[in-house]
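As structure tokens, the structure follows; a few thoughts come after it.
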Amino acid sequence: MTAPGHLVRRIAARGGLRDAAWRAAFAQVPREVFVPYYYEPRPGGGHERLWRHDPDPARRARWLAGVYSDRPLATRLRDGQLVSSSSRPSLMATMLERLRVADGMDVLEIGTGPGYNAALLCHRLGDAHVTTVDIDPDITGAARGHLAEAGYRPRVLTQDGALGCRAYAPYDRIVATCAVTAVPWEWPAQSVPGALIVVPLAGGLLALRVAADGAAEGTFCSSPACFVPLRGGGAPRGGTGEGPPDGTPRTGSGEGDDGDTDGAGAGAGAGDEGAEGLRLLLALTAGRVAPADAYALWGDAGRPGRERYGVSVRGGRQWAWLDDPYGRHTWPLAGRERG
């Protein structure tokens, strides 16, 4: 079996890649083309660069083993800080399957990275249906080369992903491979009615359905999702977000403290699936609800997992909620009110 085939088998063994079309994409798109080098942290600090043309056979073998491991790979550092990576393949599979694409759909990817995710989309939908954007010209330039080497030619554009890509809108699906604190307004505005937007938010993976009036609403899936933050002038900023249309954030005082949130989950217990829901709740309410109050709410609500939390984007406001967008437990997102 080929190295991509081994990776597919590992992901499938954990319950991923149930869709045959996505299994074929992961089996046939060579990840090594998109990560010709990556960085491993050194035990004493700093990073070690592994690359496919290393003259040392043992180091080349380490590089290839890492490429087809199910883990994220740091592909670009700047001043010692991570600015781009190739995501964990099993998480990529989860996000792509969550998109629920069909033939003929047009997809916008926010955050090009090394281009591997865009190649998987091209394999499934065809080059003409894929647009990928990134704010960094070094990233898009490298990705364009990787994609061409692998035989794919989607639209690869250098621009602020928070602004979407109006030139090729509207889109049936939008997927972000970078984390946001609130949903950029342009994304639902550039989507067709019924579109899906899949985006990492608050350490979780959110899927929003876009309505005919441009509102968007949806829930989190069970998988955690930690990504490099979205960069750009159009990214929503913290501090002025709004809650539900009545403007009243609910649950707790709305003014959290700066205490250690890890302590709030001390009673959750190792291996408790609901503890993932607590982590999401703490992230969604950070700065608005004291961790101890969030922990009490989580217990009173039956230790809800991630799937019971959601987000609404409506009427110029964005808010997170537990169980019901207009229920007792809602919190404004750390985004900005639409101007």
Side-chain angles (χ1 to χ4, degrees), residues 98 179-185 187-188 196-211 213 215-226 236-269 272-338:
R98 186 83 171 185
V180 301
T181 56
V183 180
W185 300 107
W187 297 359
L196 275 176
I197 299 173
V198 175
V199 55
L201 188 152
L205 186 60
L206 177 67
L208 299 168
R209 181 73 70 176
V210 179
D213 63 359
E217 192 167 88
T219 57
F220 289 86
C221 74
S222 59
S223 300
C226 297
R237 293 182 292 272
T240 57
E242 292 294 328
D246 66 5
T248 306
R250 292 185 276 274
T251 300
S253 66
E255 296 291 336
D257 61 29
D258 294 327
D260 178 9
T261 59
D262 289 339
D272 188 337
E273 292 183 4
E276 287 296 326
L278 174 60
R279 293 185 185 97
L280 179 59
L281 175 61
L282 290 168
L284 290 172
T285 60
R288 290 163 177 77
V289 179
D293 291 339
Y295 181 57
L297 165 62
W298 175 73
D300 291 344
R303 303 161 74 97
R306 290 177 180 271
E307 299 92 335
R308 285 175 57 186
Y309 298 91
V311 166
S312 297
V313 179
R314 184 182 300 274
R317 299 179 174 91
Q318 300 190 29
W319 69 97
W321 40 266
L322 171 64
D323 292 333
D324 181 353
Y326 301 95
R328 294 177 54 208
H329 306 306
T330 64
W331 312 275
L333 286 185
R336 63 183 181 198
E337 187 173 301
R338 190 172 190 171

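When a residue number appears, it is its place in the shown sequence, counting from 1.
Considering only heavy atoms from C-beta on, P224 comes within 4.5 Å of R306 through its side chain. Side-chain contact between E217 and V311 is absent, with no heavy atoms from C-beta onward closer than 4.5 Å. Between W185 and V313, some side-chain heavy-atom pair lies under the 4.5 Å cut-off. Side-chain contact check for V199 versus W187: some heavy-atom pair is nearer than 4.5 Å.
Taking CH2 of W331 as the start and CH2 of W319 as the end, the distance is 13.0 Å to the nearest 0.5 Å. In this structure, R303 CZ and L281 CG are separated by 13.0 Å, a value rounded to the nearest 0.5 Å. Considering CG of D213 and CZ of R314, their distance stands at 5.5 Å, rounded to 0.5 Å. A distance of 11.5 Å separates OG1 in T181 from CG in L284, rounded to the nearest 0.5 Å. Taking OH of Y309 as the reference point, atom OG1 of T219 lies at 13.0 Å (rounded to 0.5 Å). The CD atom of Q318 sits 8.5 Å away from the CG atom of L201 when rounded to the nearest 0.5 Å.
Here the side chain of W298 pairs a donor or acceptor atom with the backbone of P304 at under 3.5 angstrom. Side-chain N or O atoms of R288 include one that pairs as donor or acceptor with a backbone N or O of P332 at under 3.5 Å.
Nearest heavy atom pair, residue L322 against residue A301, reads CD2-CB, 3.8 Å. Counting all heavy atoms, side chain and backbone alike, R98 lies closest to V198 at CG-CG2, 4.0 Å. Scanning both residues, P325 and T330, for their nearest heavy atoms gives O-CG2, 3.5 Å. The two residues V183 and P188 have their closest heavy-atom pair at CG1-CD, 4.2 Å. Here the closest heavy-atom approach between residue T285 and residue A294 is recorded as OG1-CB, 4.1 Å. Nearest heavy-atom pair across G302 and R308 is O-NH1, 4.3 Å.
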